[in-house]
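Quick note: numbers below take in every heavy atom, side chains included, and nothing from hydrogens, waters or symmetry partners. Numbered from 1 within each chain, the chains take letters A, B, ... in sequence-line order.
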Amino acid sequence: MLDIKQIRLEPEKYRKGLSAKGSEEKLDELLTLDGERRSIVSEADQLKGLRNRVTEEIAALKKNKQSADEKIREMRQVGEKIKELDNKVKEIEEKLMDIVVILPNIPHESVKIGRSAEENEVVKFWGEKPAYDFPLKDHLEIGDSLGIIDFHRSSKISGAGFPMYVGAGAKLERSIINFMLDFHTQKHDYKEIFPPFLVNRDSAFGTGQLPKLEEDMYHTDEDDLFLIPTAEVPVTNIHRDEILQENKLPIKYTAYSGCFRREAGSYGKDTRGLSRVHQFNKVEMVRFTTPESSYIAHEELLQDAEEILQALKLHYRVVSLCSGDMSFAAAKCYDIEIWAPASQKYFEVSSVSNFEDFQARRANIRYRRNSDGKVGYVHTLNGSGVATPRLMIALLETYQTDEGKVLVPEALQSYTGFSLIKGENG
RNA sequence: GGAGAGGUGGCCGAGCGGCUGAAGGCAGCUGCCUGCUAAGCAGUUGUACGAGGAAUCGUACCCCGGGUUCGAAUCCCGGCCUCUCCGCCA
């Protein structure tokens, strides 16, 4: 959520920022409403001040057993006027909130202005596209022929987009998750969290999923809970409505969760196999920092995610998103895209974002500064470290052998207990 | 799901419809004092919105939302949450 006071002080900065994200049209209405609100609040405050003073006088008169009827009659009218003004304020504030909650964050100054993914910039390559001297199978053929991913039966059970891993495939998936959690907790000192997978409205609002992205989430009507699209939601909300001590910062959490996405509006895109699914596994990293250190933390977070792919020796590139391709809440975002040699494509496996104080405002996450004891909003960041389905695509396609089997990357072997997937089909 | 208890400041905890932004304690900060440590004495310490260059001032906030009243932490109604007991259950 943006700060109305800041918008009032620097309207042109926000006009520019919002237009870079393609949503500046509500700004003037917002400023008008804000002005109205302030003048009515001030009028109401004056009347309340009057009432408070006279009310004391009434109390004094009554104490002395004198008549206060005259003043009581006056205050009855003042009270009605106050109620009227308060109602007007409430009405305006509702309109104001309706606008503020759908305004996206504005991009950081280092972010390129652009309209869509075509204008993103590749900022880094790691490793190289591997070469093969035999015809490659894509991950679907591999999963099917080895019997380690069963899409046919899972669609019977749940529908399209709900992958089911079997035998060595299931073990591999679980090993990847454990490997990543251990990596982050042991190498980079993240604290492990195992969060709830269903969250309430306040939590979904806090990280920015609500109100704009409601239709992208699965919802349970009976209890009004949302299935989480990412562990970012519960983990960021751990500190909702809290004031943290500055010396507790930075806070670094990592969490495994199932992720559930309706993917409404993306029908027909990437529908094959594991590239776009309704349920998947992901290990997420979340950080809470001071405003001064969030951009350093952002670079570190990117590196923490990259190191997972480096440990697995998988070729990838890093993309810096342009303003128009960034998500609602982000001020700056890197995507990590992994190379899948049979599909001949880079797949996004991680999104590393700095939200600055945008989520902190929504979720009311603050910290008390050591220097002057004042409170301010923290900065929140998160990055996937990483999502498994597309990692699985790259892994199966990269490590396949000419016999149609799959080698297990060395870093995972102590988790899987095997070094070659020979398949479940005998 | 049924029955009961309760939600007050960083924490614990008191609170008669007006003198309560809120007693008292703990913790923190400042000063004094004591050779050190511990203790002691005095003072001080919430958040948000608005006005002003600033010191400061006004308003709101005792889980949330309504209501009664000249006036609500305190009374009434609705909701949420926590705890205890019973039931059900992996």
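- In this structure, A:D3 places its CG atom 8 Å from P of B:C49, rounding to the nearest Å.
- Going from the P atom of B:G28 to that of B:A54 covers 33 Å, rounded to whole Å.
- In this structure, A:N200 atom CG and B:C81 atom C1' are separated by 11 Å, rounded to whole Å.
- Taken from OG in A:S384 to CG in A:L391, the straight-line distance is 11.5 Å, to the nearest 0.5 Å.
- Rounded to the nearest Å, the gap between the P atom of B:G25 and that of B:U44 is 14 Å.
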Original post:
Going through the distances and angles, do A:H108 and A:Y295 end up as a ring-ring contact (aromatic ring centres under 6.0 Å, His included)?
Top reply: CA-CA 10 Å; A:H108 184 250; A:Y295 277 93; 3.9 Å; yes

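- Using atom P as the reference point in both B:G4 and B:A60, the two lie 37 Å apart (nearest Å).
- If you measure from atom CD1 of A:I7 to atom P of B:C49, you get 14 Å, rounded to the nearest angstrom.
- Summarising the geometry of A:V378 relative to A:F288, their closest heavy-atom pair is CG2-CD2, 4.3 Å, with the distance given to 0.1 Å.
- A straight line from CD of A:E56 to P of B:U20 spans 10 Å, rounded to a whole angstrom.
- A salt bridge between A:D34 and A:R38 is present, with a side-chain N of the basic residue lying under 4.0 Å from a carboxylate O of the acidic one.
- For the P atoms, the distance from B:C49 to B:A39 is 39 Å, rounded to whole Å.
- Contact annotation for A:R51: backbone-only contact, meaning every heavy-atom pair under 4.0 Å involves sugar-phosphate atoms and none involves a base.
- When Watson-Crick and G-U wobble pairs are counted only if both distances are under 3.5 Å, B:C81 pairs with B:G6.
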